[in-house]
S.K.: 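Have a look at this one before I ask anything.
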Amino acid sequence: MKKIKVVLCCVILCMNLGGCIKPMSRGERLTKELGSDQQISDRMMEDIAAALDAGDADALKELFSASALEEATDIDQQISNLLQFYQGKKQSFEGFASSSTHTKYGEDIEKQLIGHYQLTTDKETYRVMYDYTVVDKDNSDAEGLSQLEFLTDGIYQRDDFNYLSGSEGYEGPGVYIQE
C-alpha cells in the first residue's frame, strides 16, 4: 500500500509540473530547430567563407539552390572568378540579415534571408551580400543561395556605390563581383 501511495504521489507531481510547461508554437519550434535568423545567416556566411578559404568551387556551388544553378549563366565560371578575386584567409566577419517569412496557419511556407556582411581576411576586407531561401514548401528546388555578391570595402565606401541587385547590372541568380 505504501508503494502505491509513493507512485501515486510521483504521478500527481509529474502532472502538476507538466502543466506548467507552455506549449511551443510552430514558429518557436522552427527557431529552436534551425536557430534564429541571425544564427542561420551567420552559418551561411561561415559556409561561404570556409569554401572560399579552401578554394573549393564544389563546396561553394553546393550552397546554391537547384533552381539558381539552373537559371544562372555559367555559374562555374562565376565561382572560378570569385575564387580568383578572393584573397587571404578569413580572420572575422560581422553583419546581419533581413528576413522575409510567409506563413500559413502558423507554419512557415517560405523563409528568405538577405545577408549583409563585412568579411575580413588577412589580406583584404570585403563586403558580401547574399540572397538565401531557407524554406520553400512549394518549391524545394529554390532552397539555398540564389545570389552572392562580393566587393572590396573600398568600393563599398564610395559615394556612388550600389549593390548590383539594385541596379541594371543584375542579371538573375549567380555570383557577382564588383571590382
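The analysis underlying the following values was restricted to heavy atoms, covering all of them including side chains, and did not include hydrogens, waters or symmetry mates.
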S.K.: To the nearest 0.5 Å, what is the distance between CD on Glu124 and CG on Asp153?
M.R.: 8.0 Å

S.K.: Does any N or O in the side chain of Gln38 come within less than 3.5 Å of the main-chain N or O of Gly95, such that one atom is a donor and the other an acceptor?
M.R.: yes

S.K.: With distance as the sole test, does Gln78 use its side chain to make a donor-acceptor pair with the main-chain N or O of Thr73 at under 3.5 Å?
M.R.: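 Yes: the side chain of Gln78 pairs with the backbone of Thr73.
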
S.K.: Please examine the side chains of Leu63 and Tyr130, heavy atoms only from C-beta on, and report whether any two atoms are closer than 4.5 Å.
M.R.: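 In short, these two side chains do not touch, never coming nearer than 4.5 Å.
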
S.K.: Supply the atom-to-atom distance Glu110 CD to Thr103 OG1, rounded to the nearest 0.5 angstrom.
M.R.: 11.5 Å

S.K.: Find out whether Leu151 and Ile177 are in side-chain contact, i.e. whether some heavy atom of one side chain is under 4.5 Å from a heavy atom of the other.
M.R.: no

S.K.: Do any pairs count as a salt bridge (Lys or Arg N to Asp or Glu O under 4.0 Å) and have a residue in residues 82-93, sequence neighbours left out, and if so which ones?
M.R.: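 Matches after skipping sequence neighbours: Glu46-Lys90.
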
S.K.: Which class fits the ring pair Tyr117 and Phe93: parallel under 30°, tilted 30 to 60°, perpendicular over 60°?
M.R.: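 Because their plane-to-plane angle is over 60°, the rings of Tyr117 and Phe93 count as perpendicular.
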
S.K.: Mind checking what makes side chain to side chain contact (heavy atoms under 4.5 Å, CB included) contact with Glu71, not counting sequence neighbours?
M.R.: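 Here the qualifying residues are Ser67, Pro173.
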
S.K.: Look at the rings of Phe96 and His116 and say which category their plane angle falls in: under 30° parallel, 30 to 60° tilted, over 60° perpendicular.
M.R.: parallel

S.K.: Is the ring pair Tyr86/Tyr126 parallel, tilted or perpendicular, if the boundaries are 30 and 60 degrees?
M.R.: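 Because their plane-to-plane angle is under 30°, the rings of Tyr86 and Tyr126 count as parallel.
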
S.K.: For Leu119 and Ala49, which heavy atoms make the closest approach, and how far apart are they?
M.R.: CD1-CB, 4.3 Å

S.K.: Do Gln147 and Met129 come close enough that some side-chain heavy atom pair is under 4.5 Å?
M.R.: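 Yes, their side chains come closer than 4.5 Å.
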
S.K.: Go through Leu113 and Asp37 one step at a time and tell me if the side chain to side chain contact (heavy atoms under 4.5 Å, CB included) criterion holds.
M.R.: CA-CA 8 Å; Leu113 300 175; Asp37 290 350; 4.0 Å; yes

S.K.: Is there a side-chain contact between Lys104 and Lys137, using heavy atoms and a 4.5 Å cut-off?
M.R.: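 Of all side-chain heavy-atom pairs linking Lys137 with Lys104, none is under 4.5 Å.
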
S.K.: Give me the atom names and distance for the closest heavy-atom approach of Gln91 to Thr121.
M.R.: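 Residues Gln91 and Thr121, closest heavy atoms: CG-C, 3.5 Å.
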
S.K.: Is there a side-chain contact between Leu148 and Leu82, using heavy atoms and a 4.5 Å cut-off?
M.R.: yes

S.K.: Of the non-hydrogen atoms in Asp141 and Ser65, which two are nearest, and what is the gap between them?
M.R.: O-CB, 3.2 Å

S.K.: Taking C-beta and beyond as the side chain, do Val128 and Met45 meet within less than 4.5 Å on heavy atoms?
M.R.: yes

S.K.: CG/Asp47 to CG/Asp42 distance, rounded to the nearest 0.5 angstrom?
M.R.: 11.0 Å

S.K.: Give, for atom CD of Glu70 and atom CD1 of Ile75, the distance between the pair rounded to the nearest 0.5 Å.
M.R.: 12.5 Å

S.K.: What's the separation between atom CE in Met44 and atom CG in Leu145, rounded to the nearest 0.5 Å?
M.R.: 4.0 Å

S.K.: Determine the minimum heavy-atom distance between Ala72 and Gly174, stating which atoms define it.
M.R.: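 Looking at all heavy atoms of both residues, the closest pair is CB-CA, 4.1 Å.
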
S.K.: What closest approach, in Å, do Leu60 and Ala51 show between heavy atoms, and which atom pair accounts for it?
M.R.: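 Shortest heavy-atom contact: N-CB, 3.8 Å.
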
S.K.: Search all heavy atoms of Leu83 against all heavy atoms of Ala57 and return the closest pair with its distance.
M.R.: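 Nearest pair, atom of Leu83 first, then Ala57: CD1-CB, 3.8 Å.
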
S.K.: Roughly how far apart are Lys111 NZ and Thr133 OG1, rounded to 0.5 Å?
M.R.: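 Between Lys111 NZ and Thr133 OG1, I get 11.5 Å after rounding to 0.5 Å.
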
